Number of protein chains: 2
Amino acid sequence: MTSQATGSRRGRPGYDRETVLRRAVDLFNERGYDATSTADLARDLGVSKSAIFHHVSSKEELLASALDEALTALASAVDAAADDVRSPGSSATDRLRATVAESVRILVAHLPTVTLLLRVRGNSAVEQAALERRRVIDEKLARLVREAAAEGTLRTDLAPELISRLVFGTVNSLVEWYRPGGTLSPDDLAEQVTALAFDGLAVRPGTLPAPPTVEP
Amino acid sequence: MTSQATGSRRGRPGYDRETVLRRAVDLFNERGYDATSTADLARDLGVSKSAIFHHVSSKEELLASALDEALTALASAVDAAADDVRSPGSSATDRLRATVAESVRILVAHLPTVTLLLRVRGNSAVEQAALERRRVIDEKLARLVREAAAEGTLRTDLAPELISRLVFGTVNSLVEWYRPGGTLSPDDLAEQVTALAFDGLAVRPGTLPAPPTVEP
DNA sequence: GTCTATACCGCGATAGAC
DNA sequence: GTCTATCGCGGTATAGAC
């Protein structure tokens with residue numbers, strides 16, 4: 001509120017709000033939000049506790065900022081990929097496929113804040129508001145699955161609601177293990193997750209170009 | 001330790017250790033372990049804080065008991081379904097299929113404690129020990145996937161390690177929404193999760209008996 | 001922008017009466 | 001088996017000097 005925008009990022013000792021936020025999110029993900037004290041964060045940054053409160057007015061404000069980043073990114077990505085607007089002729093199934101892949105990319109691009117979002121349980125007003133925004137996004141995804149099912153291009157022996165839960169449960173489970181910088185790029189990950197979701201892990205006759213068996 | 005086994009479960013007022021544990025696990029899952037105080041638990045049970053410490057020597061002992069239940073159930077289930085012993089002639093792929101389904105059933109049968117287990121981050125010695133036991137189980141599952149891949153009955157364009165992560169990530173994501181008592185029975189859930197994992201959500205030619213389209 | 005010092009509160013756990 | 005009362009600690013947040 002009364003901050004002078006901290007436009008001068010040069011020279012001065014100390015941290016800006018953004019750096020404090022990034023570090024806080026990492027700690028929240030390592031130990032959990034409730035188990036991370038402002039003293040932990042201050043120690044990690046090498047400053048005193050009260051220095052933190054120069055940048056934010058409360059610990060919960062850090063949480064709110066992080067959740068907002070994740071929700072904004074997810075919502076706009078899902079809107080772009082799932083809505084009819086951009087490619088009016090495409091089938092719902094094609095849009096579903098694109099949405100799954102795009103969700104993976106967003107999750108990876110905003111891994112820390114999305115991880116935090118997926119662990120929120122609704123313990124405070126801030127958390128409840130985040131859960132509500134998330135519910136809206138989930139409902140939009142479920143609607144897309146229902147449209148694809150109505151087209152007849154999805155298997156009909158599984159309820160669309162179940163498919164939606166399982167597919168995006170798979171996507172969300174990535175936060176438990178995927179770390180960028182490894183051998184698997186975000187784009188490859190998105191493609192392979194989508195491939196597994198749509199085609200399963202069993203061999204499909206006539207799908208494989210019989211690649212040379214190489215040991216890693 | 002000094003408890004007199006509380007064999008008399010009849011008549012007496014108050015709670016036994018098992019009841020306190022079940023209630024504690026539910027609260028831990030609703031709000032998170034760290035965010036749940038012993039005062040919260042006492043209020044929920046309608047007793048004073050110190051009454052809790054008559055049954056357990058610490059809050060963490062409740063966590064340890066719950067995690068032990070989940071890990072024991074998961075380990076024995078995975079051992080039974082994944083090992084060669086019981087059905088020596090079966091392929092690794094068949095055993096993988098059975099293991100996925102059995103994992104779902106165990107997860108549902110022990111939903112509260114498994115949920116708690118999947119949220120543990122390693123903040124204490126108790127939590128770290130649980131994570132280590134879980135790692136052993138996960139490695140056994142990954143080995144089974146590698147065996148199935150080596151048989152040639154799994155698609156080869158995805159790394160076995162990725163398949164293992166994604167499939168059991170899907171299974172684990174069930175704790176976020178599945179609640180027993182609804183229209184979907186645990187056995188049906190197990191079957192449908194397995195079907196989706198192996199065959200994907202796209203229509204497979206010649207698979208569908210074209211069921212009558214019924215609105216729910 | 002960071003510091004020290006501190007107010008105030010709720011935490012896990014204990015003591016001892018009933 | 002539960003109670004009241006309390007201890008000691010560490011939590012978030014604030015005040016005011018530098």
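Below, chains carry the letters A, B, ... as their sequence lines are ordered, and counting in each starts from 1. In this text the structure is predicted, and so the values were computed from the model without any measurement.
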Please pick, from D/dT4, C/dG12, C/dT4, the nucleotide with the shortest atom-to-atom distance to any side-chain atom of B/S50. D/dT4
Close side-chain approach of B/L141 and B/D138, heavy atoms under 4.5 Å: yes
Atom [atom1] of [X] and atom [atom2] of [N]: how far apart are they, to the nearest Å?
X: A/H54; N: C/dG1; atom1: NE2; atom2: P; value: 4 Å
X: A/F28; N: D/dT12; atom1: CZ; atom2: C1'; value: 12 Å
X: A/F53; N: C/dG1; atom1: CZ; atom2: C1'; value: 15 Å
X: A/I52; N: C/dT2; atom1: CD1; atom2: C1'; value: 11 Å
X: A/L41; N: D/dA13; atom1: CG; atom2: C1'; value: 14 Å
X: B/L62; N: C/dC11; atom1: CG; atom2: P; value: 16 Å
X: A/D16; N: C/dG1; atom1: CG; atom2: P; value: 9 Å
X: B/N123; N: C/dC11; atom1: CG; atom2: C1'; value: 16 Å

For D/dC3, does either OP1 or OP2 sit under 4.0 Å from a side-chain N or O belonging to B/S48? yes
Salt bridge (charged side-chain N to carboxylate O under 4.0 Å, His left out) with [X]: which residues, sequence neighbours excluded?
X: A/R165; value: none
X: A/D94; value: none
X: B/R135; value: B/E132
X: A/R31; value: A/D40

When we call it a touch if two heavy atoms are under 4.0 Å apart, what does B/S58 touch: a base, just sugar-phosphate, or nothing? sugar-phosphate
Residues 110-121 of chain A side chain polar contacts: donor-acceptor under 3.5 Å, at least two apart:
{"residue": "A/H110", "atom": "ND1", "partner": "A/E69", "partner atom": "OE2", "Å": "2.9"}
{"residue": "A/T113", "atom": "OG1", "partner": "A/E69", "partner atom": "OE2", "Å": "3.2"}
{"residue": "A/T113", "atom": "OG1", "partner": "A/H110", "partner atom": "O", "Å": "3.3"}
{"residue": "A/T115", "atom": "OG1", "partner": "A/L111", "partner atom": "O", "Å": "2.6"}
{"residue": "A/R119", "atom": "NH1", "partner": "A/N29", "partner atom": "O", "Å": "2.9"}

Can you give one letter per nucleotide of nucleotides 6-11 of chain D, 5' to 3': B if a protein heavy atom sits under 4.0 Å from the base, S if only from the sugar-phosphate, - if neither? -----S
Look up atom OG in A/S185 and atom CG in A/L189, then write down how far apart they are to the nearest 0.5 Å. 8.0 Å
